[in-house]
Amino acid sequence: MNQTAPRHYDNSFEVHDKDALARARALLDGARDFAAMGKAVTDAVQRNATWRGEQCVNLLAPEAPTSPGVRALLASEIGTRAAEGHIGPVNRWFAGTRHIDEVEALCVELLKRYFRCRYADHRMCASMIGNAVVYQALTEPGDVIMTVAQPLGGHSSNREIGPAGGRGLKIVDIPMDPVELTVDLESFRRVAPLVRPKVVTLGLSMTLFPLPVAEMKAIIAPWGGKLFFDGAHQLGLVGGRQFQDPLAEGADIMTGSAGKTFSGPQSGIIVWDDPSITEAVTTAVFPIWAATHQVNRVAALALATAEMLEFGETYMARIVANAQALAKALEARGIPMLGSHKGYTRTHQTIADVGSYGRGLAAAQKLERANIIVNKNLLPRDKPEDWDYPSGLRIGTIEVTRLGMGPKEMERIADFMADIVVKGTDPEKLKPAVLEFRQPFQKVYYCFEHGLPAV
Ligand SMILES: *Cc1c(COP(=O)(O)O)cnc(C)c1O
């Protein structure tokens, strides 16, 4: 039997894009043998490495380039080992984990140093899982929680469609001020006592300014409400002292993505100070939400944390300075920017309102044709169902900063973006200039191999 022969496919209920899957099938059907199928995969990875890794100006807020050392650890032998359970010879299911215990213990202790906290967990393959852990540990099905709606920056993990909904929680919106882009504290003061939420989650994917953590914790403390800071995006900034420190301000627990500002391997971490929730959180991680937790990733996370301890303050400060410079430069070229009356941003993100320039999807697609990568984004005036065709763009400065760019380069990037979005220049015509601009920036800085860039 010819094992490469096509089978009969019926993908009428497929949620993924049907054309993309059909192209993959055609590639496999045309492959000489299974080795050729494998090569189709590695070739696609290489195409991405060349295009996104070397030729694009990547301005996605949720991604960061990792250092050579971190990438090497992701491919290391330790990643083939199984180490379910908590750290320590008795806690593990398997023998042979003595060096894995060393690596994981180093990771936990490094995280505690960067976040200046008493407890940390390192085993979540994504921050989304970290949020599931928090809801598992701190709530029961049917409990009421308060979280931020998506058009105002909230994230699906804390809403009905994500882990919070999966836990069976009832969700009430945290009132937000759409102009100040922070919590409407007076409304929160009125609403919270009426619903007495078990947990209040401050988790923003569109995040520009600090949030009133201490004030909100004081409001929910009378009924024992917990303040959960989902710092997926701001994680690196928090540890690097360039953003508010939620635990120090009264948050009970914080989760975050290791692959956003923190600039490590994509995965999740949880940090907290309160001993009374330690057992509930740790046992929600294992055995509920993590088993074989990719020890190579843990090793890479540990090294990334050491990098942030050494370089984090400078690196994070420059990320924020670049975001502010880019926002100012875009506004000067005719693109309205959110939060301009407050200095645009205090994070790695800036948000453009392209409602009068063809909206977010079209603008992002045009920019992509010129090798500039951003994401379409809901603005406060959009409805959640506008998800596919929102009015905004979210622009992040993590990668351009780690590649050694500074305020001068932000002006150039703003020129390119405004040429396409405002003036309607053909992206294909601009692409060679973008390539030439990007070409000299090929080294990842703020790591032990390359130190600081000469900015
Ligand atoms: C990105 C994000 C998450 C999910 O993080 P992953 O590491 O992608 O799972 C959770 N919460 C917020 C606010 C986010 O922006």
Side-chain angles (χ1 to χ4, degrees), residues 59-64 66 70 74 111 120-136 145-167 169 171 173-174 176 181-183 199-211 213 227-238 243-244 246 251 253-271 285 289-290 293-294 297-298 300-301 304-305 319 323 345 347-351 374-378 384 387 390 392 394-396 398-399:
L59 299 165
L60 289 187
E63 55 176 40
T66 47
V70 165
L74 282 173
L111 287 171
D121 210 296
H122 59 295
R123 290 173 288 182
M124 285 64 60
C125 67
S127 194
M128 189 102 169
I129 305 294
N131 293 0
V133 165
V134 170
Y135 293 126
Q136 187 84 38
I145 65 168
M146 291 182 75
T147 75
V148 178
Q150 275 152 297
L152 290 136
H155 187 261
S156 57
S157 56
N158 305 309
R159 306 294 289 173
E160 285 84 353
I161 58 170
R167 180 71 171 146
L169 302 173
I171 296 165
D173 291 352
I174 295 176
M176 295 289 289
L181 301 163
T182 182
V183 175
V199 171
V200 169
T201 305
L202 284 173
L204 294 177
S205 300
M206 177 174 77
T207 178
L208 301 177
F209 301 108
L211 299 164
V213 171
L227 198 299
F228 162 29
F229 196 92
D230 169 359
H233 273 272
Q234 311 94 326
L235 198 64
L237 304 172
V238 170
F243 197 68
Q244 68 188 133
I253 192 160
M254 176 170 76
T255 59
S257 297
K260 298 181 183 175
T261 51
F262 191 79
S263 301
Q266 287 177 348
S267 54
I269 70 150
I270 308 181
V271 292
V285 175
W289 284 104
H293 49 257
Q294 311 126 345
R297 178 192 61 70
V298 175
L301 177 60
T305 312
I319 287 174
T345 180
T347 70
H348 61 302
Q349 301 184 359
T350 180
I351 310 291
V374 299
N375 71 274
K376 62 183 176 183
N377 212 80
L378 290 168
W387 196 89
R394 184 176 61 170
I395 302 156
I398 304 172
E399 178 158 333

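Computed from heavy atoms alone, side chains included, the values below leave out hydrogens, waters and symmetry copies. In this chain, residues are counted from 1 in sequence order. In listed order, ligands and their atoms are each counted from 1.
Considering only residues two or more places apart in sequence or on other chains, Y135 meets the ring pair (Phe, Tyr, Trp, His ring centres under 6.0 Å) condition with F228. Shown here are the ring pair (Phe, Tyr, Trp, His ring centres under 6.0 Å) partners of H155, two or more places apart in sequence or in another chain: there are none.
Partner I270 forms a side chain to side chain contact (heavy atoms under 4.5 Å, CB included) with one of M124, R123, H122 and no other, that one being M124. No option in L202, T147, L169, I174 other than T147 meets the side chain to side chain contact (heavy atoms under 4.5 Å, CB included) test with N158.
Closest of all the heavy-atom pairs between A120 and V271 is CB-CG1, 3.9 Å.
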Please tabulate protein-ligand N/O pairs under 3.5 Å for ligand 1, atom names and distances to 0.1 Å.
from     : atom 1 : to   : atom 2 : distance (Å)
ligand 1 : 5 (O)  : S257 : OG     : 3.0
ligand 1 : 7 (O)  : S127 : N      : 3.0
ligand 1 : 7 (O)  : S257 : OG     : 2.9
ligand 1 : 9 (O)  : S127 : N      : 3.2
ligand 1 : 9 (O)  : M128 : N      : 2.9
ligand 1 : 11 (N) : H155 : ND1    : 3.4
ligand 1 : 11 (N) : D230 : OD1    : 3.3
ligand 1 : 11 (N) : D230 : OD2    : 2.6
ligand 1 : 15 (O) : S205 : OG     : 2.7
ligand 1 : 15 (O) : H233 : NE2    : 3.3
ligand 1 : 15 (O) : K260 : NZ     : 3.1

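Counting only residues at least two apart or in different chains, side-chain hydrogen bond (donor to acceptor under 3.5 Å, both in side chains) contacts with residues 255-264 comprise N131-T255, S263-Y315.
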